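Count residues from 1 along the sequence. Treat the numbers as computed from the prediction; the structure is a model and nothing was measured.
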Amino acid sequence: MSADPFVHPALFYRGDPEYVAATTAFVREGLAAGEPVAVAVPAANLAKIEAGLGADAARVTMLDMGVAGRNPGRIIPAVLRAVADRHPDEHVRIIGEPIWPGRSATEYPACAQHEALINLSFAGRRVTILCPYDVAGLTPEVLREAERTHPVLRDASGERTSPGYAPDEVVARHNRPLPEPAACVSLRFDHTNLASARILAAGQAEAAGFGDDRLDDIRLVVAELGANSLDYGGGAGLIRVWIEDARLVCEVADGGHITDPLAGRLPVEARRSGSRGLLIVNLLADLVRVHSRPGATAVRAYFDLPASLV
């Protein structure tokens, strides 16, 4: 039986010299082998890698993870799979850095679940995804969870198998009830008043200063979540909306249970039938958090307030 061709190492680095040396070596190995290579890291680190690569940077797909991966739930379908699926018959190399010191405590659980689910999403694929971790800037708990979400660990001393690899445990650990808001506006809905849920969210968003394009996104996200409640959540739901930490939060809760850990994280062909609700939510929101258990699901979509208001 052959080993899984998918490789998912965590790179533990200390300081810029280690970071640049390890990432540029990884990129150049791929380029020398004629492999497609992509780099998706925060803007400041992207600039360091570009400078280290020099002219070779023009041969690499460069993405600002702070934009493309603002919502961790968007990274698999819109970043990693978007690159890998363009080259189905080739080995693909990607550097993906979804967790950095600037990530908030609200974002981190979604980031950790994302890292765990990469392994399920890419099993059997000829892809290597290297994930850098800033040892000096991240907490010991984050680094311990990186050992659980990555089967292979790398640092300046070399490469080794992770003794703590347990990605399913990380997904389950962060599937917990979400903290209650201090205050919110709410509405119970069913098939008779789903439009009222969209109106409620849009009204709160407009009052918070969102412009037309983002208002359309918020309406669509609430419509998709509401439709999922009608179809899979017992035919009814509860929407709650509030402002928290410079974000508008729209939560839809119902009596359903999401059993597929990759729900909303895989690209869907345009002509393929089936629900795209959670995928649309992940693509449009700045952060998505989910808690689901038998008989109860809550999905929170976060939208960053307009910069002029923050």
Side-chain angles (χ1 to χ4, degrees), residues 8-24 26-27 38-52 57 61-80 94-118 129-150 153-155 170 173-174 178-179 208 214 243-249 265 282-290 300-310:
H8 185 208
L11 169 66
F12 294 145
Y13 71 90
R14 291 182 180 274
D16 291 349
E18 279 191 16
Y19 182 85
V20 173
T23 55
T24 56
F26 177 84
V27 169
V39 174
V41 301
N45 287 344
L46 195 66
K48 296 169 191 173
I49 294 175
E50 286 181 320
T61 299
M62 296 286 192
L63 300 167
D64 178 357
M65 187 66 96
V67 177
R70 180 76 182 95
N71 170 25
R74 185 191 306 154
I75 298 174
I76 290 175
V79 178
L80 305 180
I94 304 172
I95 299 176
E97 188 172 5
I99 300 174
W100 58 86
R103 285 287 201 185
S104 70
T106 303
E107 294 168 336
Y108 174 70
C111 294
Q113 288 182 318
H114 155 75
E115 283 281 57
L117 291 170
I118 287 176
I129 300 175
L130 178 72
C131 301
Y133 281 78
D134 181 352
V135 173
L138 296 170
T139 67
E141 176 60 24
V142 170
L143 300 177
R144 282 193 293 270
E145 287 213 317
E147 295 182 0
R148 294 184 167 215
T149 56
H150 295 80
L153 308 177
R154 293 183 184 179
D155 56 25
V170 174
R173 180 174 183 267
H174 292 291
L178 302 169
R214 210 58 175 137
I243 301 291
E244 173 186 307
D245 296 333
R247 288 176 168 139
L248 177 81
V249 187
R265 295 176 185 263
N282 272 325
L283 294 178
L284 293 180
D286 293 306
L287 174 66
V288 176
R289 295 283 307 277
V290 179
R300 286 186 184 176
Y302 298 72
F303 299 87
D304 295 341
L305 293 179
S308 62
L309 301 177
V310 177

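Residues V39 and T61 have side chains not in contact (no heavy-atom distance under 4.5 Å, counting atoms from C-beta outward). At a threshold of 4.5 Å between non-hydrogen side-chain atoms, the residues F12 and H150 do not count as touching. The closest side-chain heavy-atom distance from R173 to P109 is not below 4.5 Å. In this structure, the side chains of Y133 and E97 stay at 4.5 Å or more apart for every pair of heavy atoms. Looking only at side-chain heavy atoms (C-beta outward), P179 and E244 stay at 4.5 Å or farther from each other. At a threshold of 4.5 Å between non-hydrogen side-chain atoms, the residues I95 and P132 count as touching. Annotation: side chain of D245 is not in contact with side chain of S104 (no heavy-atom distance under 4.5 Å). The shortest side-chain heavy-atom distance between I118 and L80 falls under the 4.5 Å cut-off.
Scanning all heavy atoms of the two residues, the minimum distance from N71 to N282 falls at ND2-O, 2.9 Å. Among all heavy-atom pairs drawn from R103 and C111, the shortest one is NE-SG, 3.5 Å. Nearest heavy atoms, C131 versus H8: SG-NE2, 3.4 Å. Shown here for R289 and A110, the closest heavy-atom pair between the two residues is CD-CB, 4.1 Å. Nearest approach of A40 to V79, heavy atoms of both residues: CB-CG1, 3.8 Å. Residue P42 comes nearest to M65 through the heavy atom pair N-CB, 3.9 Å, listed as atom of the first residue, atom of the second, then distance.
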>> What verdict does the side chain to side chain contact (heavy atoms under 4.5 Å, CB included) test give for Y108 and T139, after you've listed the backbone C-alpha separation in whole Å, the side-chain angles of each residue and the deciding distance to 0.1 Å?
In response: CA-CA 11 Å; Y108 174 70; T139 67; over 6 Å; no

>> Is there a side chain to side chain contact (heavy atoms under 4.5 Å, CB included) between T23 and Y13? Walk through the geometry before answering.
In response: CA-CA 10 Å; T23 55; Y13 71 90; over 6 Å; no

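When each of I99, I75, V170 is tested with E115 by the rule side-chain contact (heavy atoms from CB on, under 4.5 Å), just one qualifies, namely I99. Checked options V288, L178, L287, V290; the residue passing with R300 is L178 (criterion: side-chain contact (heavy atoms from CB on, under 4.5 Å)).
Salt-bridge formation is not detected for the pair R154/E18: no Lys NZ or Arg NE/NH1/NH2 atom is positioned less than 4.0 Å from an Asp or Glu carboxylate oxygen. Between D286 and R247 there is no salt bridge, since no side-chain nitrogen of the basic residue lies less than 4.0 Å from a carboxylate oxygen of the acidic one. Look at R70 and E107 and you find a salt bridge, because one of the NZ, NE, NH1 or NH2 atoms lies within 4.0 Å of a carboxylate O, short of that distance.
Distance alone, capped at 3.5 Å, is enough to place a donor-acceptor pair between the R74 side chain and the A285 backbone.
With values rounded to the nearest 0.5 angstrom, F303 atom CZ is found 7.0 Å from L284 atom CG. Between the CD atom in E147 and the CD atom in E145 there is a gap of 10.5 Å [rounded to 0.5 Å]. Taken from CG in D64 to CG in L46, the straight-line distance is 6.5 Å, to the nearest 0.5 Å.
No more than 12 heavy atoms of other residues, nucleotides or ligands lie within 6.0 Å of CZ in R148, so this atom counts as exposed by the packing criterion.
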